[in-house]
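Structure record follows, encoded as structure tokens.
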Amino acid sequence: MIKLTRIDDRLVHGQVAFTWVPALGVDCLLVANDKVAKDEFQKMTLNLAKPANTKLVIKTLADAIVFLNDEKNGKANVLILINSIKDAATLAAGVPAITSINFGGIRGKAGSRLISKAIAITDDDVPVLQEMLQKNIELEIRQVPTDSKQKVESLLDK
Amino acid sequence: MLVSFILITLIAMFGHSEDFLGTTLLSRPLVLGPLVGLVLGDLSQGVVIGATLELIFMGNIKVGAAIPPDVITGGVLSTAFAIISGKGPSIAMALAVPISILAEMAISGLFVFRAVFNKRFTVYAEEGDYQKLQRLHVLSGILKPLLMGVITFTALLLGADVMKSFLDSIPPWVNDGLKVAANMLPALGFALLLNLMFNKKVAPYFFLGFVLTSYLKLPVIAIGALGVIVALIITDITHKSAPTDDDADEGESPVEPAPELPKKTIRSLFFRSLALEANFNFETWQNSGFAFSMIPVLKKLYTTKQSMSAALTRHLQFFNTSPYGSTLILGITAAMEARKSKSEDFDEESINAVKTGLMGPLAGVFDSLFWGTFKVIAAGVGASLAIKGNVLGPILFLLIFNVPHLVLRYQLTFIGYNTGTRFLQNLAKTNVMDKLTVGSSILGLMVIGAMTATLMNITTPITLGSDDTATTLQSILDQIVPNIIPLGLTFLTFYFVKKNMKPTWLLLGLLVAGFLGSILHILA
């Protein structure tokens, strides 16, 4: 069962290991990222961050879609980690079970603006976000589980 | 009084300077409370209030951008008001909760505002002017103590008299209610910590700590020592097989040792890392702190304006990690910079790739180790002494946390520099990290179990039967499971934490419950 799909540009880190995994009772972390899946160094560092008693699976986006749609994997409580809005859209398009996306952290870059204290988006992201909203995918911002949900759509005009 | 107000303001500013002082817990109520007490001529009262507030706010920690209530301002002001008006820890607690929540808003605002400086940092980096860059880092850091100093001083000037007459007008039954509530609030701190560590596998250790303390009356410090022994046995660390060295030629490590920088320069990475968070902001986070820490290394390696400017720009990129493990990344980065300065074809992109690759994972490891374990043991031992007015409490609290913290943080600088990422690869290959995580949650849970049994003084005054045959419900409970009320309360709160209820609401809920319990003569 997919417990949470989270955009977090640091993938596995303190907030994830420390607050989300215990709060949701997650037993499998799935990092879906094309670059990381091919980078031995990053795989190694993510394995260091993995909380004890949790499985870490690192896959390319395409492989992650296959993994998530495979009924055999339905028993595990999965927390999916992606690091960009674009990847979120790709994953959501391929996996019908994803009905909600949590925005945890997207750092600023040139041409981006902060819509919440840890979420920066660019103009190119807006149509992608809108398309997901049209498909009735919930887009919510929460850094940690006890934050109250902030809807992305209410911040887009900022 | 004015002199005391100024001194108290300085204490608050000192607390808020912690971002320069390496997150060494100097800012916790357990440390600042006694200082306020000292200024106001009642040290032991300050120690007790500090311990009370510490227990309430102990689960209240900063993870990422989730800013908790500001216990520095809340703790200092409420301790001062409580002592000035001659009221006890329960009044301090009742004041600390709202003040901390208000002060948190000021700090969040400052973290947003600081991003304004980011453009200046970029300009200085482009000019290769490291002196201006480090000056701005420090100046921006000073803003927080200054702002909070102004707020504290204003609150003292305007509030002290008003507070005193207001607090004097509080009828005794309200005071009694608050006393019970103050004893109940640690349940929230314990529950938040349980939320980090508690699972089926390690659950018995919580109860081991509880039973040892509740029935055998062992002090928390003994539980800490036993916890270390149990953790060592369980994780089999004492029976570790000899390390194998068969991976020495297995693939090239991304970082080769670069021993040509003087030891002094590497050491300065450690010292400067203490100010990593001084310019913390919501846009680029610890970026200027990272650049600030790297400057001594860059000065040694780059002499032209052009190369210096490129290096400064490189290290002004977004950065955020646990301050406790930051020196490992700084050390590795220094080694990579040393290689880059020697070799034209060194891919400079790889420096930031390694930095960003490490910052998240290491934050997870070090935050949980320090917040979940060292802090819990330090606060458990410190608060259990301080709650009885013992000044050793705050001192032990600082020592238990900071001796391992500073030793490890110092060592990691050199480990990072000398062995680079190979050290991490070795860690990843063995299951040392898993052992460490399991071992530290065993230790942490035993101490929380012990604290649940000793530090929440909640009983029930209900009597059963009448006249000669009357017994108290409490004496019956004590014969079965002593301290069962604190235990039950902690798990009830934990249940709501699990349901993702906001800590602020739980704080208020416990306050009201304690109050009602006292008025209705169910709890005392």
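Letters A, B, ... mirror the listed sequences (proteins, then strands); counts begin at 1. This structure is a prediction, so every number in the text was calculated from the model and none was measured.
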Within a 6.0 Å radius of atom [atom1] on [X], are there more than 12 heavy atoms belonging to other residues, nucleotides or ligands?
X	atom1	result
A:E153	CD	yes
A:K109	NZ	no
A:K55	NZ	no

Checking [X] against chain A: side chain, backbone, both or neither under 4.5 Å from a heavy atom?
X	result
B:M197	neither
B:T284	neither
B:K499	neither
B:V112	neither
B:N199	side chain

Open item on the list: Restricting to side chain to side chain donor-acceptor pair (under 3.5 Å), what partner residues turn up for A:T60, sequence neighbours left out?
Closed with: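 So A:T60 forms a side chain to side chain donor-acceptor pair (under 3.5 Å) with A:D63.
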Task: Heavy-atom side-chain contact between A:R107 and B:N287 under 4.5 Å - done: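 Answer no - side chains too far apart.
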Open item on the list: Can you tell me which portion of A:L11 sits under 4.5 Å from chain B's heavy atoms? Options are side chain, backbone, both or neither.
Closed with: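 For A:L11, neither part sits under 4.5 Å from chain B.
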TODO: State the CD-CG distance between A:Q42 and B:L358, to the nearest 0.5 angstrom.
DONE: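 Those atoms lie 9.0 Å apart.
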How far apart are the closest heavy atoms of [X] and [Y], and which atoms are they?
X	Y	value
B:G357	A:T45	O-OG1, 3.2 Å
B:V365	A:L48	CG2-O, 3.3 Å
B:N320	A:R10	O-NH1, 3.0 Å

Task: ring pair (Phe, Tyr, Trp, His ring centres under 6.0 Å) partners for B:F423, two or more places apart - done: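 With sequence neighbours excluded, B:F423 shows a ring pair (Phe, Tyr, Trp, His ring centres under 6.0 Å) to no residue whatsoever.
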Task: Polar side-chain atom of A:K50 near backbone of B:P361 as donor-acceptor pair, under 3.5 Å - done: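 No; judged by distance alone, with no hydrogens or angles, the pair does not exist.
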Open item on the list: If you count heavy-atom pairs within less than 4.5 Å of chain A, which of B:L424, B:T437, B:N195 leads?
Closed with: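 Option with the top pair count is B:L424.
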